[in-house]
Amino acid sequence: MTTAQSLGPIRLRLPATSANLGAGFDAAAVALSFYLEVEAETAAEFSIQASGRDAERCSQLEDNLMLGIYRRLLEENGRPATPIAIRMVNEIPLGMGCGSSAAGRLAAIAMAVHFGHLGWSDDRILEEASALEGHPDNVAACWLGGYVSAATDGCRVHIARVVPPVEWRAIVVLPAEPLATSKARAVLPPSYSREDVIANLQAVSLLGLAFAQARGDLLRVAMRDRIHQPYRSGICPMLPRLLPLAGHDGILGVGLSGAGPAVLVVTDGQASVQRAAGEIRAALGDMPQAELKICPFESDGVRRTVMQTAR
């Protein structure tokens with residue numbers, strides 16, 4: 001690839017993700033079919049033009065997640081921090097547990113790899129993103145798509161991936177206010193009982209197979225959790241109201257989406273969605289109005305398109 005070609009604009013489409021899925025704390029995630037779309041090209045100075053969710057925050061140049069990672073990676077690898085103009089359309093709500101930081105970090109890494117001629121493999125990109133996130137689940141699902149189980153071994157990331165059942169649908173229940181991941185982690189205890197650990201091991205052993213084999217009958221048990229959800233219920237008040245819905249009205253499983261406060265509800269198909277949505281609304285009762293985002297699971301991961309520079 002010539003320098004002119006490699007410095008052409010890049011387009012990225014990165015899916016939202018829901019991690020943990022109940023028992024798979026920091027180990028499991030699934031991609032969702034709403035996206036962060038980014039287009040970047042070299043420019044005389046840095047700029048961001050954002051639309052969609054949280055557009056004002058996304059367009060800020062100061063303390064911008066993507067630009068900060070982009071600059072740092074290029075500097076650490078001995079490359080000039082080439083100014084770029086970014087245009088983005090964001091559908092992923094910030095601070096809701098839908099993988100916005102994973103998508104933003106992966107976008108920044110992909111732009112640095114592209115404009116800095118770093119030549120990184122997908123494995124190297126995922127290792128860098130996992131180190132930045134502090135866990136591999138969201139970045140693996142975002143980059144590769146589908147359902148993933150992920151584990152780290154030093155700096156290496158090991159990933160197993162399956163395509164979720166095409167008929168299943170996700171309902172992401174979004175409250176009005178976001179929650180910082182740091183706050184959600186701060187409420188977790190320093191240690192757990194043997195009984196709680198065994199319960200989670202039993203559940204997560206079913207989780208990947210439930211997705212791989214379309215075993216909706218297993219998902220209610222596979223998404224049970226005793227490691228993080230009981231401690232986060234106080235700061236994610238929708239969760240205790242929605243957990244009892246699992247196993248009824250086409251609802252296969254319920255769990256926090258990532259660290260919350262959003263809740264992921266998995267249904268057995270499109271025909272169950274409206275009935276499930278009604279049950280969700282009824283369970284929330286007098287709580288502030290929540291947004292229900294209904295979507296299929298995303299079997300594809302990031303989409304990268306490198307465009308040719310006009311001659």
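No experiment lies behind these values; they were computed from the predicted model shown.
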Residue pair Ser257, Ser18: steps toward the side-chain hydrogen bond (donor to acceptor under 3.5 Å, both in side chains) verdict: CA-CA 5 Å; Ser257 187; Ser18 184; 2.9 Å; yes
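- Counted within 6.0 Å of CD on Glu45, heavy atoms from surrounding residues, nucleotides or ligands total 12 or fewer; the atom is thus considered open.
- Relative orientation of the Tyr147 and Phe211 rings is parallel, given thresholds of 30° and 60° on the angle between their planes.
- No side-chain heavy atom of Lys293 sits less than 4.5 Å from a side-chain heavy atom of Met96.
- In this structure, Arg72 places its CZ atom where more than 12 heavy-atom neighbours from other residues, nucleotides or ligands lie under 6.0 Å away.
- Val302 and Val113 fall within a single hydrophobic cluster, where Ile, Leu, Val, Met, Phe, Trp and Tyr side chains are chained together by heavy-atom contacts under 4.5 Å.
- A salt bridge links Glu133 with Arg105: at least one charged nitrogen is closer than 4.0 Å to a carboxylate oxygen.
- A salt bridge links Arg87 to Glu41: one of the charged nitrogens lies within less than 4.0 Å of a carboxylate oxygen.
- Pairing each heavy atom of Pro93 with each of Asp54, the nearest pair is CA-OD2, 3.8 Å.
- With salt bridges taken as basic N to acidic carboxylate O contacts below 4.0 Å, none links Glu75 and Arg71.
- Separating the CD1 atom in Ile109 from the CG atom in Leu118 is a distance of 10.5 Å, to the nearest 0.5 Å.
- Taking both residues in full, the closest heavy atoms of Ala112 and Leu74 are given as O-CD2, 3.5 Å, listed atom of the first, atom of the second, then distance.
- Expressed to the nearest 0.5 Å, how far OG1 of Thr17 lies from CG of Leu264 amounts to 11.0 Å.
- Here the side chains of Leu21 and Val30 are in contact, with some heavy-atom distance below 4.5 Å.
- Counting all heavy atoms, side chain and backbone alike, Asn64 lies closest to Met66 at OD1-N, 3.0 Å.
- Residues Leu239 and Gln229 are in side-chain contact: their nearest non-hydrogen atoms beyond the backbone lie under 4.5 Å apart.
- Cluster membership for Ile227 and Leu243, using ILVMFWY side-chain heavy atoms within less than 4.5 angstrom, is not shared.
- Listed by first and then second residue, the side chain to side chain donor-acceptor pair (under 3.5 Å) pairs that reach into residues 159-183 are Arg169-Gln270, sequence neighbours excluded.
- With Ser59 contributing its side chain and Ala55 its backbone, the two residues share a donor-acceptor pair below 3.5 Å.
- The line from CG of Leu61 to CZ of Phe46 is 9.0 Å long, rounded to the nearest 0.5 Å.
- Between Val172 and Cys98, the closest heavy-atom pair is CG1-SG, 3.9 Å.
- Put simply, the side chain of His228 reaches to within 4.5 Å of the side chain of Asn20, judged on heavy atoms.
- Geometrically, Arg226 does not engage Tyr231 in a cation-pi contact defined by less than 6.0 Å to the ring centre and at most 45° from the axis.
- Salt-bridge annotation for Asp122 and Arg304: present, with a side-chain N of the basic residue lying under 4.0 Å from a carboxylate O of the acidic one.
- Residues Trp120 and Glu128 form a side-chain contact, since some pair of their non-hydrogen atoms from C-beta on lies under 4.5 Å apart.
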As a quick check of understanding, evaluate side-chain contact (heavy atoms from CB on, under 4.5 Å) for Val187 and Arg232, giving each step before the final call. CA-CA 7 Å; Val187 301; Arg232 288 170 167 169; 3.8 Å; yes
Could you go through Leu242 and Ile251, starting from their C-alpha distance and side-chain angles, then the distance that decides it, and tell me whether this counts as side-chain contact (heavy atoms from CB on, under 4.5 Å)? CA-CA 10 Å; Leu242 298 181; Ile251 296 174; over 6 Å; no
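- Counting heavy atoms from C-beta on, the side chains of Glu91 and Leu36 never come closer than 4.5 Å.
- Checked by atom type and distance alone, the side chain of His158 never pairs as donor or acceptor with a backbone atom of Ser149 at under 3.5 Å.
- Annotation for Glu291: atom CD counts as buried by contact number, over 12 foreign heavy atoms lying within 6.0 Å.
- In this structure the side chain of Leu94 reaches within 4.5 angstrom of the side chain of Ser100, judged on heavy atoms.
- When the side chains of ILVMFWY residues are joined at heavy-atom separations under 4.5 Å, either directly or via intervening members, Leu65 and Ile10 end up in a single hydrophobic cluster.
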side-chain contact (heavy atoms from CB on, under 4.5 Å) between Ile280 and Arg241: does it pass, once the steps are laid out? CA-CA 9 Å; Ile280 291 168; Arg241 297 206 184 190; over 6 Å; no
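- Contact detail for Ala29 and Asn138: the closest heavy-atom pair is CB-N, 4.1 Å.
- In this structure, Val265 is not a member of the same hydrophobic cluster as Ile92, with clusters built from ILVMFWY side-chain heavy atoms closer than 4.5 Å.
- Salt-bridge annotation for Asp300 and Arg13: absent, with no side-chain N of the basic residue lying under 4.0 Å from a carboxylate O of the acidic one.
- Shown are Leu252, Leu256, Val254, Leu207; of these, the side-chain contact (heavy atoms from CB on, under 4.5 Å) with Met223 is made only by Leu207.
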Go through Asp225 and Asn200 one step at a time and tell me if the side-chain hydrogen bond (donor to acceptor under 3.5 Å, both in side chains) criterion holds. CA-CA 6 Å; Asp225 170 76; Asn200 263 57; 2.9 Å; yes
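- Cys236 SG to Leu179 CG: the interatomic distance, rounded to the nearest 0.5 Å, is 5.0 Å.
- Taken from CG in Asp249 to CD in Glu279, the straight-line distance is 4.0 Å, to the nearest 0.5 Å.
- Closest non-hydrogen pair, Ile235 versus Ala184, comes out as CD1-CA, 3.8 Å.
- Linking ILVMFWY side-chain heavy atoms closer than 4.5 Å, directly or via other members, places Tyr35 and Val38 in two distinct hydrophobic clusters.
- Within a 6.0 Å sphere centred on CZ of Arg185, heavy atoms belonging to other residues, nucleotides or ligands number more than 12.
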Give the intermediate values and the outcome of side-chain contact (heavy atoms from CB on, under 4.5 Å) for residues Gln49 and Met88. CA-CA 6 Å; Gln49 179 184 330; Met88 72 172 72; over 6 Å; no
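- For the pair Ser130 (side chain) and Glu127 (backbone), a donor-acceptor distance under 3.5 Å is absent.
- A heavy-atom distance below 4.5 Å is not found between the side chains of Arg224 and Leu219.
- Leu206 contributes atom CG, which lies 5.5 Å from atom CG of Leu218 (distance to the nearest 0.5 angstrom).
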